[in-house]
Amino acid sequence: MKKEIIFVSGIDTAIGKSYATGFLAREWNRKGIKTITQKFIQTGNTEISEDIEVHRQIMGTGLVEADRERLTMPEIFTYPCSPHLAAEIDHRDIDFDKIEQASQALLQSYDRVLLEGAGGLMVPLTRDLLTIDYVAQKNYPLILVTSGRLGSINHTLLSLEAIEKRGIRLHSVLYNLYPENEDKIIQHDTEEYIRTWLERHFPETEFIRVPCL
């Protein structure tokens, strides 16, 4: 099996990336694909990444040794905002070399590293670098998290156009069914619309439903 780092992003903030990332890691581990999650850049925290804690809760593992070594959370900033601004508020630059070294270290022990981003694809990491451009530079395959809430079709199609424009390999689209209180008529239609769009424009991309746990 080819070892790989796969970047996880979403169509927007609060779309359920952490929930979906933890779910996928759990399912792959159950299938015998040794998988670890990593938080690319965590904002709004100090000592520990709250998103990693969500992953571990869903995976049912509790914190693992790689978490205690901080390989899974190499960059944490205190203010809950976009990484470029959080770094400026904390008066230090994002250490991209540190992040990559941590990812590579995890890859020595795991088959796959799910590298969860911060916010959506167009979130700025610095004043000059967007998340999506970082993914393209690293040539990472991408998992895109979307949902069935109102507006998701628009945001998903805009994200897919940006992905295609940059030549990024779309590994899969995770369709997040959490939370349960979404309008079921809109949710069902959104799922069918996105499925059909992917079949036409990204025929090799897997569509994965992420159920409420």
Checklist entry - For S109, what residues pass the side-chain contact (heavy atoms from CB on, under 4.5 Å) criterion, not counting sequence neighbours? => result none
Item to check | Joint cluster assignment, Y140 & L129, ILVMFWY side-chain distance < 4.5 Å | outcome: yes
Checklist entry - CG of N45 to CD1 of I76: how many Å apart, nearest 0.5 Å? => result 6.0 Å
Checklist entry - Are I11 and V173 connected in the hydrophobic side-chain network, where two residues link if heavy atoms are under 4.5 Å apart? => result yes
Item to check | Spatial distance of atom OG (S159) from atom CD1 (I15) [nearest 0.5 Å] | outcome: 9.5 Å
Under 3.5 Å, sequence neighbours excluded: what are the donor-acceptor pairs made by side chains of residues 165-172?
| residue | atom | partner | partner atom | Å |
| --- | --- | --- | --- | --- |
| R166 | NE | D133 | OD1 | 2.7 |
| R166 | NH1 | A162 | O | 3.3 |
| R169 | NH2 | E4 | OE1 | 3.4 |

Item to check | Q104: partners by side-chain contact (heavy atoms from CB on, under 4.5 Å), with sequence neighbours left out | outcome: I5, E100, L107
Item to check | Whether over 12 other heavy atoms sit under 6.0 Å from E65 CD | outcome: yes
Next on the checklist: Give me the atom names and distance for the closest heavy-atom approach of L106 to Q38.
Outcome noted: CD1-CD, 3.8 Å
Item to check | side-chain hydrogen bond (donor to acceptor under 3.5 Å, both in side chains) involving S49 - partner list, sequence neighbours excluded | outcome: Q42
Next on the checklist: Strictly by salt bridge (Lys or Arg N to Asp or Glu O under 4.0 Å), give each pair with a member in residues 144-155 just once, sequence neighbours left out.
Outcome noted: D12-R149
Checklist entry - side-chain contact (heavy atoms from CB on, under 4.5 Å) with I36: which of V64, L115, L114, L71? => result V64
Checklist entry - Hey, are the side chains of R112 and T35 touching, using non-hydrogen atoms and a 4.5 Å cut-off? => result yes
Checklist entry - Is there any side chain to side chain donor-acceptor pair (under 3.5 Å) pair reaching into residues 192-201, and which pairs are they, with sequence neighbours excluded? => result E191-R195
Next on the checklist: Could you work out, with side-chain hydrogen bond (donor to acceptor under 3.5 Å, both in side chains) as the rule, every residue matching T37, not counting sequence neighbours?
Outcome noted: H55, R56
Item to check | Residues which pass side-chain hydrogen bond (donor to acceptor under 3.5 Å, both in side chains) with S152, listed by chain and number, not counting sequence neighbours | outcome: S147
Next on the checklist: Which heavy atom of G119 sits nearest to which heavy atom of S9, and what is that distance?
Outcome noted: O-OG, 3.8 Å
Checklist entry - Would a 4.5 Å heavy-atom cut-off, applied to side chains only, mark I58 and Y19 as touching? => result yes
Checklist entry - For the atom pair CD1 (I52) and CG (D67), what is the distance rounded to the nearest 0.5 Å? => result 5.5 Å
Item to check | ILVMFWY cluster, L150 and L158 together (side-chain gap under 4.5 Å) | outcome: no
Checklist outcome for this item: In short, E75 meets D93 closest at the heavy-atom pair OE2-O, 3.8 Å
Checklist outcome for this item: The side-chain hydrogen bond (donor to acceptor under 3.5 Å, both in side chains) partners of T43 (sequence neighbours excluded) come to none
Item to check | Candidate pair L144 and L174, rule side chain to side chain contact (heavy atoms under 4.5 Å, CB included), full reasoning | outcome: CA-CA 6 Å; L144 181 68; L174 301 189; over 6 Å; no
Checklist entry - What is the distance from atom CD1 of I208 to atom CG of N176, rounded to the nearest 0.5 Å? => result 12.0 Å
Next on the checklist: Among residues at least two apart in sequence or on other chains, which ones pass side-chain contact (heavy atoms from CB on, under 4.5 Å) with R30?
Outcome noted: R26, E27
Item to check | Considering all heavy atoms, the nearest P74-K98 contact | outcome: O-NZ, 3.0 Å
Next on the checklist: So, taking the atom named OG1 in T61 and the one named CG in N29, what distance separates them when rounded to the nearest 0.5 Å?
Outcome noted: 8.5 Å
Item to check | Same cluster (ILVMFWY, side-chain, under 4.5 Å), V123 and L142 | outcome: no
Checklist entry - What do you reckon, are the aromatic ring centroids of Y134 and F96 less than 6.0 Å apart? => result yes
Checklist entry - Quick one: does T156's side chain have a donor or acceptor within less than 3.5 Å of a partner on N154's backbone? => result no
Item to check | Steps toward ring pair (Phe, Tyr, Trp, His ring centres under 6.0 Å) verdict (F23, Y178) | outcome: CA-CA 11 Å; F23 168 83; Y178 179 86; over 10 Å; no
Item to check | Among K39, E53, E116, Q57, side chain to side chain donor-acceptor pair (under 3.5 Å) partner for S18 | outcome: E116
Checklist entry - Counting N and O atoms only, with roles assigned by atom type, does the side chain of D90 sit under 3.5 Å from a partner on the main chain of R92, one being a donor and the other an acceptor? => result no
Checklist entry - Who pairs with L177 by side-chain contact (heavy atoms from CB on, under 4.5 Å), at least two apart in sequence or on another chain? => result Y175, Q187, R209
Next on the checklist: Under a 3.5 Å distance rule, please check whether K17 uses its side chain to pair with a backbone N or O of V145 as donor and acceptor.
Outcome noted: no
Next on the checklist: Once rounded to the nearest 0.5 Å, what's the spacing between atom CG of L125 and atom CD1 of I94?
Outcome noted: 5.5 Å
Checklist entry - Would you call R127 and E88 a salt bridge, taking side-chain N to carboxylate O under 4.0 Å as the test? => result yes
Checklist entry - Checking H91 side chain against A87 main chain: does a donor-acceptor pair fall under 3.5 Å? => result no
Next on the checklist: Under 4.5 Å side-chain heavy-atom separation, chaining through any Ile, Leu, Val, Met, Phe, Trp or Tyr, what else clusters with Y79? Say none if it is isolated.
Outcome noted: L85, I89
Checklist entry - Can you hop from F77 to V54 via hydrophobic side chains spaced under 4.5 Å? => result yes
